[in-house]
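One is the number of the first residue; the rest follow in order along the sequence.
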Amino acid sequence: MIILLKSLQFFFRIIFHASASVALSLMYSAGWITQAITKRTVLRNTVIENVKMILPQSDAEQIADKLLENVSYSIFELLCLPFFRKEHFQSIFRFNGLQHLDQALKEKKGTILLTLHAGNYEVIPAALA
């Protein structure tokens, strides 16, 4: 597994020398392929069953598919994060209320950032930096 991840990182290290739109398109294409494959495995059924346990009245299949999509894209965002440049972050992220963070930093006050446990919140520190 480590060899696969290192091979993917090497591939994307090269890809991220291209323009932001090309690099991100290839990154998200890899995420799409991953989720398409994952949806055809037993993992999808496991996720559906887990969703049914927690949300019995919901459309568990739709929720499971969306969860698998999000995780697949997030994997590649994290994998490629070391190669992101400013234009990659600007293409992906949009922040609202940054003036409040800037003001708190200017006043040397601490801040607490709140986010939903959804999407790829792990990359927020790198995007803010």
Side-chain angles (χ1 to χ4, degrees):
M1 186 63 134
I2 296 294
I3 293 171
L4 173 63
L5 289 175
K6 289 298 181 184
S7 299
L8 283 170
Q9 270 196 319
F10 177 75
F11 171 75
F12 281 108
R13 179 187 310 262
I14 294 167
I15 295 300
F16 270 75
H17 289 290
S19 70
S21 61
V22 169
L24 293 172
S25 293
L26 288 170
M27 180 187 76
Y28 285 119
S29 294
W32 184 88
I33 291 167
T34 301
Q35 62 89 22
I37 292 169
T38 305
K39 286 180 183 178
R40 288 164 179 73
T41 67
V42 70
L43 178 62
R44 179 177 184 262
N45 294 332
T46 303
V47 175
I48 290 170
E49 292 306 315
N50 289 342
V51 170
K52 284 181 182 178
M53 281 191 287
I54 295 173
L55 302 167
Q57 312 266 305
S58 68
D59 183 355
E61 289 185 15
Q62 182 181 5
I63 293 170
D65 288 343
K66 190 62 179 168
L67 286 168
L68 291 172
E69 275 180 43
N70 287 342
V71 168
S72 296
Y73 293 126
S74 294
I75 288 168
F76 283 94
E77 287 175 351
L78 287 172
L79 185 72
C80 296
L81 187 63
F83 317 122
F84 277 21
R85 295 186 309 269
K86 186 176 182 177
E87 57 266 24
H88 299 113
F89 285 112
Q90 290 173 339
S91 296
I92 296 174
F93 297 99
R94 183 188 64 210
F95 291 100
N96 294 317
L98 275 181
Q99 69 276 12
H100 302 295
L101 180 59
D102 291 337
Q103 184 65 32
L105 290 172
K106 182 179 169 186
E107 295 174 13
K108 302 209 185 287
K109 291 183 177 179
T111 60
I112 297 174
L113 300 177
L114 297 176
T115 181
L116 294 173
H117 192 254
N120 204 358
Y121 57 87
E122 294 94 346
V123 299
I124 291 173
L128 284 171

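- Without hydrogens or angle criteria, His88 side chain to Arg85 main chain gives a donor-acceptor distance under 3.5 Å.
- The main-chain N or O of Ile37 is never found under 3.5 Å from a side-chain atom of Thr41 such that the two would form a donor-acceptor pair.
- Across every non-hydrogen atom of Thr34 and Ser72, the tightest pair is CG2-OG, 3.7 Å.
- Side-chain contact between Arg44 and Thr38 is absent, with no heavy-atom pair separated by less than 4.5 Å.
- Between Phe16 and Phe84, the angle of the ring planes stays under 30°, which puts this pair in the parallel group of the 30/60° scheme.
- How far CD1 of Ile92 is from CD of Glu87: 11.0 Å, rounded to the nearest 0.5 Å.
- Considering only residues two or more places apart in sequence or on other chains, Arg13 meets the salt bridge (charged side-chain N to carboxylate O under 4.0 Å, His left out) condition with none of them.
- Of the inter-residue distances, the one linking Ser58 atom OG with Lys52 atom NZ reads 9.0 Å to the nearest 0.5 angstrom.
- Proximity of Lys39 to Asp65: side-chain heavy atoms (C-beta onward) are separated by under 4.5 Å at one or more points.
- When all heavy atoms of Leu5 and Leu79 are compared, the pair lying nearest together is O-CD1, 4.1 Å.
- Among residues two or more places apart in sequence or in another chain, the salt bridge (charged side-chain N to carboxylate O under 4.0 Å, His left out) test is passed with Lys109 by Glu107.
- Here the side chain of Gln35 pairs no donor or acceptor atom with the backbone of Asn70 at under 3.5 angstrom.
- In the hydrophobic cluster analysis, where Ile, Leu, Val, Met, Phe, Trp and Tyr join through side-chain heavy atoms closer than 4.5 angstrom, Ile14 is grouped apart from Phe11.
- Within 6.0 Å of the CD1 atom in Ile3, the count of heavy atoms belonging to other residues, nucleotides or ligands does not exceed 12.
- One finds the OG atom of Ser7 at 11.0 Å from the CD1 atom of Ile2 (value rounded to the nearest 0.5 Å).
- Contact check for His17 versus Phe83: no side-chain heavy atoms found under the 4.5 Å cut-off.
- When only modelled atom types and interatomic distance are considered, Gln62 and Lys66 share no side-chain donor-acceptor pair under 3.5 Å.
- Both Leu4 and Leu81 are part of a single hydrophobic cluster, where members link through side-chain heavy atoms under 4.5 Å apart.
- Through chains of ILVMFWY side-chain contacts below 4.5 Å, Leu55 is grouped with Leu43, Val47, Val51, Ile54, Ile63, Leu67, Leu68.
- With hydrophobic clusters built from ILVMFWY side chains whose heavy atoms lie under 4.5 angstrom apart, Phe12 shares a cluster with Val123.
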- Task: For Phe76 and Tyr28, run ring pair (Phe, Tyr, Trp, His ring centres under 6.0 Å): C-alpha distance rounded to whole Å, both residues' side-chain angles, the deciding distance at 0.1 Å, then the answer.
- Result: CA-CA 7 Å; Phe76 283 94; Tyr28 285 119; 9.2 Å; no
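- Once rounded to the nearest 0.5 Å, the distance linking CD1 of Ile48 with CE of Met53 reads 12.5 Å.
- Clustering ILVMFWY residues whenever any of their side-chain heavy atoms sit less than 4.5 angstrom apart, transitively, puts Leu105 in the very cluster that holds Leu98.
- Taking all atoms of both residues into account, the shortest heavy-atom contact from Ala127 to Phe93 is CB-CD1, 3.8 Å.
- Looking at heavy atoms from C-beta onward, Leu128 lies in side-chain contact with Phe95 at the 4.5 angstrom threshold.
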